[in-house]
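These notes concern the structure reproduced below.
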Amino acid sequence: MTSDSQGFGKGCHLHLIDGSAFIFRAYHALPPLTRKSDGIPIGAVAGFCNMLWKYVSDQNGSDAPTHVAVIFDHSSKTFRNEIYPEYKANRPELPEDLRPQFPLTREATRAFNIACIETEGFEADDIIAALSCKARDAGGAVTIISSDKDLMQLVGQGVNMLDPIKGKEIGPDEVAEKFGVGPDRVVDVQALAGDSVDNVPGAPGIGIKTAALLINEFGDLESLLSRAEEIKQPKRRQTLIDHAEQIRISKRLVQLDCDTPLDFTLESLEVRDPQADALLEFLAQMEFRTLTARVAEKLGAEAPAVVSAPPAETAAAPELPAMGADGYERVSDREALDRWIAEIALAGHVAIDTETTGLDEMQAELVGVSLSIRAGRACYIPVGHVEGDGDLFGATGRVAGQMDASEVLEALKPVLEDPAILKIGQNVKYDWKIFARHGIRMTPIADTMLMSYALNAGTHNHGMDELAERYLGHKCIPIKELIGSGKSQIGFAQVAIDKATPYAAEDAEVTLRLWQHFAPVLHAERVTTVYETLERPMVPVLADMEMAGIRVDGETLKRMSNAFAQKMAQLEDEIHELAGEKFNVGSPKQLGEILFDKMGLAGGKQGKTGAYSTSADVLEDLAAEGHDLPARILDWRQVSKLKSTYTDALQSHVNPETGRVHTSYSIAGAQTGRLASTDPNLQNIPVRSEEGRRIREAFVATPGHRLVSLDYSQIELRILAHVADIPALKQAFRDGIDIHAMTASQMFGVPVEGMDPMIRRQAKAINFGVIYGISGYGLSRNLRIPRSEAQAFINTYFERFPEIRAYMDKTVADAKEAGYVRTLFGRRINTPGINQSGPAAGGARRAAINAPIQGAAADIIRRAMIRMPEAIRDLPARMLLQVHDELVFEVEEGATEELIAAARQVMEVAAEPVVKLAVPLVVDAGIGMNWAEAH
DNA sequence: ACGCTCACG
DNA sequence: GACGTACGTGAGCGTA
C-alpha cells in the first residue's frame with residue numbers, strides 16, 4: 001500500500017473524503033447512542049468510524065488510492081459571508097449533542113492513520129477544490145468521496161466523485177444529467193438557480209431546468225447576462241436584467257476556490273497503514289464493541305477489553321454514581337480553576353449554574369459559579385460571599401478564600417465563548433444574562449428546562465426541583481434551607497460558603513444529569529427539531545430584548561396615577577352614597593353582600609366558597625337593567641386596575657440605571673408555545689379601552705428614535721384556514737377581504753356591502769369561538785343571546801364550513817390516540833386530560849383543539865424573532881417586545897421605513913421553508929413616539 | 001396560599 | 001338528559 005515518496009505525480013491517485021458530510025450522515029442515520037460509562041453522546045462518532053472502516057476495508061483493488069485525506073469544515077463563518085452576509089444564514093443550528101462529537105471525529109480520523117485537514121475560515125469544499133486542482137495539475141487522478149452537488153463543478157479531467165452510500169461513481173455524464181450542463185458550466189447554472197439550503201439567492205423563479213436551458217443557449221453566464229435583452233420570454237428577461245448583480249454574487253458564492261492556501265504538501269497525504277494499537281485503543285475508549293472486535297480480527301491483533309458498565313439486564317437507566325459521589329469541590333484558587341477548565345475542554349461540555357444576589361438578572365451581582373462535567377462530581381467557585389449582615393454596624397466584608405469575580409470571569413470567558421464547548425444550563429437565559437453583563441456572550445448553549453418543555457409541555461412544569469424529582473428521583477436541597485424565608489430571608493451572598501457549596505454544586509450536577517437524561521429522549525420522541533429551531537435559539541434573542549428594555553416615562557405614570565386616585569375617591573363617595581353605607585369597594589365579598597343580600601338584586605351564589613360572583617359580566621347585566629351601583633363599581637374597578645397594576649406597579653419596575661423597564665420572558669411558561677412576560681408583564685398593557693390605552697403613552701422611544709410596532713393580522717384564523725383546509729376561508733384570505741364579514745355573509749346569506757355591524761360582530765365571535773373549541777353555552781354568554789340561538793349559529797356555521805367540524809373531530813381523536821397534539825412545526829403539546837370523563841373532559845377537548853392553532857402562531861413568531869437579529873443587523877434598530885402576534889422595535893427616526901420593510905419581510909415568510917401556508921401572512925405596521933401611537 | 005377579578009392576545 | 005364550559009396567560013387584592 002505504500003508508494004515511494006518521490007512526490008505526487010502521474011500514476012498517483014488521491015482520495016478526498018468529505019468529512020463533514022460523513023458526520024452529518026452518521027448523525028442522522030443512527031439513533032442517539034451514548035457512551036455507556038459516562039453517557040456522552042457518541043452516535044455520530046460511531047457512524048463516522050463505521051463509514052471510515054468500511055472505506056478503508058474497500059480499498060484493495062488496482063484503483064486503490066496512493067494518497068488520502070479527510071477534510072472537515074472548520075467554522076461556519078467564511079469569506080463567503082463577506083461577499084454575502086446571508087450565506088447559509090437559514091441553516092438550522094447545529095444539534096447540541098453533535099457539536100461535542102466534532103473533536104472526536106478528528107481524533108478518529110487520526111486513529112485510522114489518515115490525514116485530517118481543516119483550515120480556519122474555509123469550507124471543506126474549498127480545500128477539496130484546491131487539492132483537486134493541485135493533484136490534477138501534477139498529473140494525478142482524484143476521487144472525491146461525497147455526493148455533495150456543490151462539489152460537482154470539480155468533476156472532469158481526472159477528477160471524479162464517488163457517492164459513499166450508493167457506491168456510485170459520479171463522472172461528467174452524471175453531472176450533466178443532474179445539471180443539464182457539463183461540469184465546467186455547473187457554477188453558472190447554480191448561480192442562476194440559487195440554493196435554498198445554503199441561502200444562495202440566484203435569480204427568483206429560475207430553477208435548474210431553466211438555468212440549464214439559458215446557459216446552453218447563450219454559452220456561459222456572462223454572455224447570458226450581457227445579452228439578456230435577447231431572451232424571448234418577457235418575464236424571464238426582466239428577471240435576469242433586474243437581478244444581474246445578485247446572480248453574479250451568487251456565482252461567487254458557489255464557485256469553489258482552487259487557490260485556497262494549503263499549509264501541507266500532497267506528499268504528506270500518502271496512504272499509511274492503520275496502526276492496530278492506536279486504532280484499537282481509540283475504538284475501545286469509545287466503547288464500540290462490535291467495531292473493535294471486527295477491526296481487531298481484520299488487523300490480526302488482539303482486541304483490547306472494552307471497559308464500561310456491562311449492558312444493563314433491563315432497559316433501565318445506565319448505572320450512574322450517586323449524587324455527589326465523587327465530591328463537591330470548593331474552588332478557591334487559579335490552579336484549581338485551571339484544572340477544571342482543562343477538564344472541560346477535554347469533555348467538550350459543562351453544566352453551569354450561577355448564584356447571584358437576587359432574582360432580577362439586570363441588577364443581581366454574581367456570588368458564585370458552579371460547574372459539573374460528569375455525574376457524581378461538581379465544583380463551586382465562590383466569588384461574592386460576604387460576612388456580617390450588611391447594616392451600618394455589622395459592616396459587610398468579603399469572606400476570605402475566594403477568587404475575585406473578575407479573575408474567574410476572565411478565566412471562564414474562553415470556555416463560555418468556545419464554539420466547541422457546550423454550556424448546559426437549567427433556565428440558561430438567566431445565567432446568559434448575568435454573563436452578558438460582564439461582556440461574555442455564552443455559546444453554544446443547551447437548556448434542560450427547554451428540553452423538558454419540548455417533551456413535556458402540558459404534562460408538568462419544568463423547574464429544576466420538579467425535573468430532578470421526576471427524572472432523577474432526587475430531591476434538591478431547598479433554597480430556603482440556606483436563605484430562610486419571609487422577613488428573615490437573607491441574600492445568597494450572606495450564605496456561608498460551606499453551606500453554599502453543596503447546594504450550588506448540586507444544581508450543576510442535577511443539570512448535567514438532566515441533560516444526559518433528556519438528550520436521547522428528544523430524538524426518540526421526535527422533538528429535536530422543535531428544541532433546536534424553536535426553543536434553544538430563543539435564549540440569546542430574548543436575553544438581548546430583555547436587556548434592551550423599553551423606556552418608560554415615570555413622570556407621565558405619576559401624573560396618571562394622581563388623576564386615577566382622584567377619580568377613585570370620587571367614585572367611592574358615589575358608591576357609598578348609593579349603597580347607603582361605607583364598605584371596602586375592593587372587596588368582592590362585601591360588595592356581593594351589599595348587592596344581593598342588602599339590596600336584593602338577582603344573582604346567585606357561585607363557587608365552592610359560596611361567595612357571590614361580582615365579576616364584570618354579572619355587574620354589566622345588572623347595570624343594563626338600570627341599576628346605578630353596579631355601573632359605578634365597574635367604573636371604579638377599571639380605574640383601580642389601571643392605577644394599581646399599571647401606573648403604580650410599573651413605576652417600581654423602572655430600572656434606576658437604565659431608566660427602562662426590563663421584562664422577563666418565560667420560554668417554557670405557557671403550554672402552547674407562547675411566551676409569557678413577567679416582572680412586569682408587558683403583554684397585558686391595556687389597549688381595548690380608551691382610558692386604558694393611555695397607559696401606552698408612557699412607553700416611549702428614546703430621543704431621536706421611534707417605536708415601531710408590527711403585528712400579524714388574524715394569524716390564528718389564517719392558520720385555522722390552512723390546517724383545517726377550508727376553501728372558503730383560504731380564498732377569502734387570498735383575496736384580502738374582511739374575514740368576519742365574509743363569514744357573516746356565508747352564514748346569514750346577506751351581502752358584505754352595507755352589512756349590519758351587529759351581524760358582523762356575531763360572525764366575529766363565532767370565528768374566535770371556533771379557535772377556542774366552540775360551545776353553544778360559551779357563545780351565548782359572549783354574545784348575550786339565548787343558548788338555543790347560539791347553538792343554531794354554530795350549526796349553521798358547521799354546515800357552511802364542514803371542514804372545521806372534521807378538523808376538530810380529527811384533532812380530538814388524534815389527541816386521544818397519541819396523548820398529545822402537534823403544531824404544523826412539530827411542537828408537541830401533551831393532553832393528559834383528554835381521556836377523562838365528566839366536566840373536565842370538555843375543557844381538555846377544547847384545549848386540544850386550540851393548542852395546534854395557538855401553538856402554530858407562537859411557532860411562527862418565534863421563527864421570525866430568531867431570524868430578526870440577522871435581518872436588521874445593519875439597521876439602527878432593536879427588537880424590544882413581543883406580544884404574541886406583535887413585535888415592538890425601537891428605531892432611529894430616519895430608519896423606520898427600512899426597518900418596517902426588513903422586519904415585515906421576515907415576519908411574512910417566517911413559516912417557510914418548513915411550512916408553505918395556503919394563505920398569505922399579512923403584517924400591519926405602525927410608527928410613533930410612544931406605544932399608543934405605534935400600535 | 002388561594003380565589004377572584006381583570007388586563008392582554 | 002344534565003352537566004357546566006369559550007383558548008392561553010400574569011398581577012394585585014382581599015380573605016382565610
Side-chain angles (χ1 to χ4, degrees), chain A residues 457-458 583-592 606-620 633-634 636-650 652-653 663-666 669-689 691-693 695-696 711-717 720 765-783 787 790 794 808 811 821 829 837-855 857-858 861 881-886 931 935:
Chain A
F583 69 102
N584 185 348
V585 184
S587 161
K589 183 164 176 279
Q590 294 179 33
L591 174 64
Q606 282 211 337
K608 337 166 179 117
T609 56
Y612 294 113
S613 171
T614 66
S615 65
D617 43 340
V618 172
L619 298 186
E620 273 163 22
I633 298 279
L634 285 168
W636 182 90
R637 280 201 183 151
Q638 194 200 2
V639 179
S640 164
K641 177 85 175 177
L642 294 177
K643 181 176 186 302
S644 67
T645 308
Y646 298 105
T647 58
D648 293 353
L650 210 47
S652 72
H653 281 287
T663 184
S664 183
Y665 290 101
S666 33
Q671 321 274 305
T672 54
R674 273 196 180 179
L675 301 178
S677 160
T678 62
D679 307 301
N681 182 354
L682 295 186
Q683 290 181 322
N684 71 346
I685 303 302
V687 70
R688 291 173 187 168
S689 78
E691 282 235 277
R693 190 155 51 235
I695 303 280
R696 294 188 175 222
D711 68 291
Y712 284 110
S713 163
Q714 311 278 17
I715 187 165
E716 292 191 354
L717 271 179
L720 174 70
I766 297 170
N767 275 334
F768 280 110
V770 167
I771 293 173
Y772 299 149
I774 199 158
S775 76
Y777 179 84
L779 184 65
S780 76
R781 280 183 52 133
N782 189 294
L783 285 175
R787 188 160 159 192
I794 293 170
M808 293 170 101
T811 304
V821 291
I829 297 126
S837 54
R845 204 185 116 86
R846 288 190 298 273
I849 291 168
N850 173 258
I853 302 171
Q854 188 181 112
I861 197 164
L881 302 178
Q882 188 249 43
V883 193
H884 308 308
D885 65 357
E886 174 188 13
W931 197 4
H935 185 76

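A note on names: the letters A, B, ... follow the listed sequences, proteins ahead of strands, and every chain is numbered from 1. Given the structure is predicted, the values throughout are model-derived calculations rather than measurements.
- Within the nucleic acid shown, A:I771 has no heavy atom closer than 4.0 Å to any nucleic acid atom.
- For A:K641, there are no salt bridge (charged side-chain N to carboxylate O under 4.0 Å, His left out) partners, not counting sequence neighbours.
- Residue A:E886 is out of contact with every strand shown, counting any heavy-atom pair closer than 4.0 Å.
- Residues A:L682 and A:V883 are not in side-chain contact: their nearest non-hydrogen atoms beyond the backbone lie 4.5 Å or more apart.
- Among residues two or more places apart in sequence or in another chain, the salt bridge (charged side-chain N to carboxylate O under 4.0 Å, His left out) test is passed with A:D648 by A:K643.
- Look at the P atom in both C:dA6 and B:dC6: the space between them is 14 Å, to the nearest Å.
- At a cut-off of 3.5 angstrom, the base of C:dG4 holds at least one donor-acceptor pair with the side chain of A:R787.
- B:dC6 atom P lies 18 Å from atom NZ of A:K643, rounded to whole Å.
- Within 4.0 Å (heavy atoms only), A:I849 reaches no atom of the nucleic acid at all.
- Contacts of A:A765 with the nucleic acid, taken as non-hydrogen atoms under 4.0 Å apart, include base atoms.
- When the nucleotides B:dA7, C:dT9, C:dG8 are ranked by their closest atom to the side chain of A:P686, B:dA7 comes out on top.
- Scored by the side chain to side chain contact (heavy atoms under 4.5 Å, CB included) test, A:A616 finds A:E620, A:L634 as partners (sequence neighbours excluded).
- A straight line from CZ of A:R845 to C1' of C:dG4 spans 15 Å, rounded to a whole angstrom.
- Listed by chain and residue number, A:H576 satisfy the ring-ring contact (aromatic ring centres under 6.0 Å, His included) test with A:F583 (two or more places apart in sequence, or in another chain).
- Neither OP1 nor OP2 of C:dG8 sits under 4.0 Å from any side-chain N or O of A:R674.
- Among residues two or more places apart in sequence or in another chain, the side chain to side chain contact (heavy atoms under 4.5 Å, CB included) test is passed with A:V618 by A:F596, A:S613, A:S615, A:L622.
- With sequence neighbours excluded, no residue forms a salt bridge (charged side-chain N to carboxylate O under 4.0 Å, His left out) with A:R787.
- Using a 4.0 Å cut-off, some side-chain N or O of A:Q671 falls inside it from OP1 or OP2 of C:dT9.
- Between the C1' atom of C:dG4 and the OH atom of A:Y772 lies a distance of 19 Å, rounded to the nearest Å.
- Summarising the geometry, the separation between CG on A:L634 and P on B:dC4 is reported as 18 Å, rounded to the nearest angstrom.
- Taken to the nearest 0.5 Å, the CG atom of A:L720 stands 8.0 Å off from the CG atom of A:N767.
- In this structure, CD1 in A:I861 is found 9.0 Å from CG in A:D711, a value given to the nearest 0.5 Å.
- Under 4.0 angstrom from either OP1 or OP2 of B:dA7 there lies no side-chain N or O belonging to A:R688.
- If you take atom P in C:dT5 and the same atom in B:dC4, they sit 11 Å apart, rounded to whole Å.
- In this structure, A:L675 atom CG and C:dT9 atom P are separated by 12 Å, rounded to whole Å.
- Of the candidate nucleotides B:dG9, C:dG8, C:dG10, B:dG9 has the atom lying nearest to any side-chain atom of A:H935.
- Atom C1' of nucleotide C:dG4 and atom CG of A:N782 are separated by 17 Å, given to the nearest angstrom.
- Counting only Watson-Crick and G-U wobble pairs whose two distances sit under 3.5 Å, DNA chain C takes part in these stems of three or more pairs: B:1-9 with C:7-15.
- To the nearest angstrom, P of C:dG10 lies 21 Å from CG of A:L642.
- Among the protein residues, A:D885 comes within range of the sugar-phosphate backbone only, with heavy atoms under 4.0 Å from sugar or phosphate atoms but none that close to a base.
- Contact of the A:L591 side chain with the A:V585 side chain is not registered, since no non-hydrogen atoms from C-beta on lie closer than 4.5 Å.
- As a whole-Å value, the separation of A:Y612 OH from B:dT5 C1' is 19 Å.
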Q.
For nucleotides 11-16 of chain C, give me one character per nucleotide, 5' to 3': B if any protein heavy atom sits under 4.0 Å from the base, S if the only such contacts are to the sugar-phosphate, - if neither.
A. BSSSSS
Please table the atom pairs, donor to acceptor, closer than 3.5 Å between any side-chain atom in residues 843-853 of chain A and protein atoms at least two apart or in another chain.
unit_1, atom_1, unit_2, atom_2, d
A:N850, OD1, A:Q854, NE2, 3.3
A:N850, ND2, A:I771, O, 3.1

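- In the interface, the side chain of A:R781 is not paired with the base of C:dG4 through any donor and acceptor atom under 3.5 Å apart.
- Side-chain atoms of A:R637 and base atoms of B:dT5 include no donor and acceptor less than 3.5 Å apart.
- Listed nucleotides: C:dT9, B:dT5, B:dC8. Nearest to the side chain of A:A676: C:dT9.
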